[in-house]
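Just below is one structure, and these are the notes that go with it.
Because the structure is predicted, anything quoted here is derived from the model rather than measured.
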Amino acid sequence: MAGILSAIKLQEAGFTDFSVYEKSDALGGTWRENTYPGVACDVPSHLYSYSFAPNPEWSHLFSPGQEIRAYFEEVAQRHGVPGFVRFGEEVTRLEHRQDGHGVGRWHLKTSAGTRDVADVVIAATGVLHHPRYPDIDGLDSFAGASFHSARWDHSVDLEGARVGVIGTGSSAVQIVSALAGAVGELRLFQRTPQWVLKVENPPIDEVDKERYREDPSAMVTLHEDLSRSFSDNFANAVVDSESVSVKILAELCKINLDSVVDPELREKLRPSYRAACKRLVISPDFYEAMQHPATHLVTEKILMIEPAGIRTVDGAMHELDVLVLATGFRVDRFLRPMEVIGRGGVSLEDVWAKRPSAYHSISVPDFPNLFMLNGPNGPVGNFSLIEVAELQLAYIMQLVDQITAGPYREISARARALDVFERERVEAAAKTIWASGCNSWYLDDDGIPSAWPWTFDRFREVMASPDLSCYELVG
Ligand code: NAP
């Protein structure tokens with residue numbers, strides 16, 4: 001999504017001498033990799049669209065993953081993006097080197113052996129893309145088919161199969177809703193229950209589609225309205241653990257649980273932490289899926305995995321044919337495992353040894369002209385990442401302009417600016433709902449929420465124009 005966006009905006013700004021490196025043989029990022037049954041985006045489709053490419057054909061309020069991927073491919077084709085993409089080339093190393101005239105440039109190497117040199121590098125490498133495999137004894141000994149949710153094996157026949165799903169995050173919930181009643185038996189292995197907000201997913205009817213086709217400005221207005229409403233009721237709310245909106249979200253989740261689920265199962269599914277502390281799960285029908293006669297909730301801790309299935313600590317053996325690991329992602333990776341060597345030989349791996357951080361989520365000191373989209377500390381998980389990337393890219397393009405048309409050769413955040421940003425960020429993070437007493441992928445190894453801890457409005461303001469006094473400018 002962010003790479004396609006960059007290629008479009010670079011062309012619009014008049015650049016033709018750029019390459020997009022893509023490790024896979026196709027476009028689509030997260031929507032190429034996540035093809036599990038039920039995959040969809042829980043940001044409304046008319047908000048989860050590029051602002052410059054509204055789509056009158058969205059089928060649902062929350063459209064399925066395949067449709068989203070097709071949208072990105074279509075927009076990319078329409079803007080001539082594939083011509084700039086080098087498929088099957090994973091960037092393995094980036095090194096900032098000075099030439100004989102003291103001018104620094106990025107020297108890049110790929111898995112295919114390509115070498116390239118660039119004045120500016122934009123990292124659009126994504127966040128939730130390195131699967132986290134659970135550390136469970138015997139995982140490799142399982143005799144049936146086993147795969148991570150983001151590596152779904154479509155060659156496995158699920159008809160009549162006994163399927164186990166480990167995890168209760170957004171991926172697992174969508175998988176369970178799609179598989180309940182469609183497989184022989186479904187077992188959900190829950191380590192921690194999740195709060196689930198019920199939101200229906202109606203189809204968008206032909207009358208509305210026709211209206212959008214005839215008057216695209218209606219979609220622009222809708223995008224703006226959805227963005228405003230998402231900011232006010234969700235993104236701005238979760239950064240203040242005492243906000244009224246957070247309390248309303250909590251009440252709605254409680255009503256969903258109490259009204260839909262029968263009493264015994266209900267208590268097993270009831271979280272003991274506050275709603276939205278973990279990333280809120282949104283589903284129209286998860287609790288119904290959990291009450292299907294062939295769906296079973298397993299709350300006993302997993303002891304080990306054996307060839308026949310999962311053994312829980314109470315000694316019970318849960319026999320399975322297929323095991324789905326909906327166990328999340330290594331969210332602290334960002335550009336890694338790429339080796340990134342900045343000015344003076346400093347390695348990004350060392351700089352990020354404690355935790356990844358970037359000034360305003362964009363730039364790291366001593367890594368000049370390397371700018372990140374959806375990098376560390378951005379507003380991930382609570383908003384449309386497309387709008388996040390669009391705002392970030394507009395900011396980055398202003399920095400690029402200083403390099404290509406302006407007076408500077410190298411731009412990177414000042415160490416002091418990052419220190420101040422980090423101090424304020426950690427202070428603000430303590431007030432967010434994510435720090436209210438649960439474990440989640442928002443937290444770093446020290447238990448500090450790593451996402452943007454301020455309102456989305458503040459993010460918009462900050463992204464409007466870079467404060468060059470916070471950057472080290474060479475040139
Ligand atoms: P996740 O939210 O990180 O959930 C991982 C789940 O696996 C958790 O329930 C976790 O339990 C469990 N788990 C991990 N290791 C385990 C172990 N060893 N034993 C038992 N359980 C284990 O991952 P995700 O569901 O893939 O979602 C990640 C993010 O992707 C979401 O928060 C969302 O931002 C995005 N996403 C969005 C959508 C959407 O738009 N609809 C869909 C999917 C994903 P604990 O809670 O106990 O740690």
Side-chain angles (χ1 to χ4, degrees), residues 1-22 26-32 43 46-55 68-87 89 91 94 106 108 116 118-127 216 219-220 223-224 227 334-335 358-363 367-375 378-380 383-406 408 411-412 456 459-466 468 471:
M1 173 278 287
I4 294 168
L5 170 71
S6 305
I8 293 170
K9 292 292 168 186
L10 282 167
Q11 289 181 82
E12 267 178 22
F15 292 95
T16 50
D17 185 10
F18 67 88
S19 298
V20 179
Y21 286 93
E22 167 54 57
L27 299 174
T30 202
W31 304 105
R32 183 195 61 231
V43 174
H46 279 286
L47 177 58
Y48 195 78
S49 310
Y50 295 121
S51 60
F52 54 86
N55 174 23
I68 299 169
R69 182 180 171 189
Y71 165 79
F72 284 123
E73 286 193 329
E74 190 276 319
V75 174
Q77 288 289 347
R78 195 166 6 121
H79 289 83
V81 173
F84 291 95
V85 184
R86 305 188 60 140
F87 289 103
E89 297 216 42
V91 177
L94 267 180
W106 285 102
L108 170 159
D116 200 351
D119 298 309
V120 174
V121 173
I122 296 173
T125 45
V127 190
M219 287 182 287
V220 175
H223 188 283
E224 284 168 6
S227 173
F334 298 101
L335 294 89
Y359 173 67
H360 283 171
S361 180
I362 299 278
S363 169
F367 292 82
N369 303 1
L370 170 62
F371 306 120
M372 284 174 276
L373 294 172
N374 289 312
V380 63
F383 207 75
S384 163
L385 279 192
I386 300 185
E387 187 161 351
V388 172
E390 285 192 25
L391 290 165
Q392 290 174 326
L393 190 65
Y395 177 102
I396 290 170
M397 291 302 282
Q398 293 177 61
L399 295 175
V400 170
D401 195 47
Q402 293 289 336
I403 297 160
T404 55
Y408 306 114
I411 298 183
S412 54
F456 199 77
F459 182 72
R460 280 198 186 97
E461 273 165 34
V462 167
M463 287 296 109
S465 68
L468 289 184
Y471 284 91

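Side chain of Asn374 to main chain of Val127: no donor-acceptor pair is present (N/O by atom type, distance under 3.5 Å, no hydrogens or angles). Between the side chain of Gln11 and the main chain of Ala7, a donor-acceptor pair closer than 3.5 Å is present. Judged purely by atom type and a 3.5 angstrom limit, Trp106 has no side-chain atom pairing as donor or acceptor with the backbone of Asp116. Between the side chain of Ser6 and the backbone N or O of Ala2 there is at least one donor-acceptor pair closer than 3.5 Å. For Thr404 (side chain) and Val400 (main-chain N/O), a donor-acceptor pair under 3.5 Å exists by modelled atom type. With hydrogens and angles ignored, the 3.5 Å screen pairs no side-chain donor or acceptor of Glu387 with any backbone N or O of Ser227.
For Met372 against Ala358, the heavy-atom pair with the smallest separation is CE-CB, 3.7 Å. Of all the heavy atoms in Pro82 and Phe87, the pair that sits closest is O-CE1, 4.4 Å. Between Arg69 and Gly28 the shortest heavy-atom distance is CG-CA, 4.5 Å. Closest approach of Phe456 and Pro379 over heavy atoms only: CE1-CG, 3.9 Å. Scanning both residues, Ala53 and Arg78, for their nearest heavy atoms gives CB-NH2, 4.3 Å. The two atoms that bring Leu27 and Glu73 nearest to each other are O-OE2, 3.9 Å, heavy atoms only.
Looking only at side-chain heavy atoms (C-beta outward), His360 and Met463 come within less than 4.5 Å of each other. Between Ile403 and Ile411 there is a side-chain heavy-atom pair separated by less than 4.5 Å. Between Ile122 and Leu373 the shortest side-chain heavy-atom distance falls below 4.5 Å. Looking at Val91 and Thr125, their side chains never come closer than 4.5 Å, going by heavy atoms from C-beta outward. Ser412 has its side chain within reach of Ser363: a pair of non-hydrogen atoms, C-beta onward, lies under 4.5 Å apart.
How far CD1 of Ile362 is from OH of Tyr471: 6.0 Å, rounded to the nearest 0.5 Å. Considering CZ of Arg32 and CZ of Phe72, their distance stands at 12.0 Å, rounded to 0.5 Å. One distance of note links CG of Leu94 with CG of Leu370; it measures 6.5 Å at 0.5 Å rounding. Annotation: the span from Ile8 atom CD1 to Leu393 atom CG amounts to 10.0 Å, rounded to 0.5 Å. Within the model, atoms CG of Asp401 and CD1 of Ile396 stand 13.5 Å from one another, a figure rounded to the nearest 0.5 Å. Distance check, rounded to the nearest 0.5 Å: CG of Leu5 to NE2 of His79 gives 10.0 Å.
Using cut-offs of 30° and 60° for the angle between ring planes, the Tyr50 and Phe52 rings count as parallel. Ring geometry for Phe18 versus Phe84: interplanar angle under 30°, hence parallel rather than tilted (30 to 60°).
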Margin query: Run the side chain to side chain contact (heavy atoms under 4.5 Å, CB included) test on Val388 and Phe459 for me, step by step, so that the C-alpha distance in whole Å, both residues' side-chain angles and the decisive distance to 0.1 Å come before the verdict.
Written below: CA-CA 9 Å; Val388 172; Phe459 182 72; 3.9 Å; yes
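Residues Tyr395 and Phe371 place their aromatic rings such that the two centres sit no closer than 6.0 Å.
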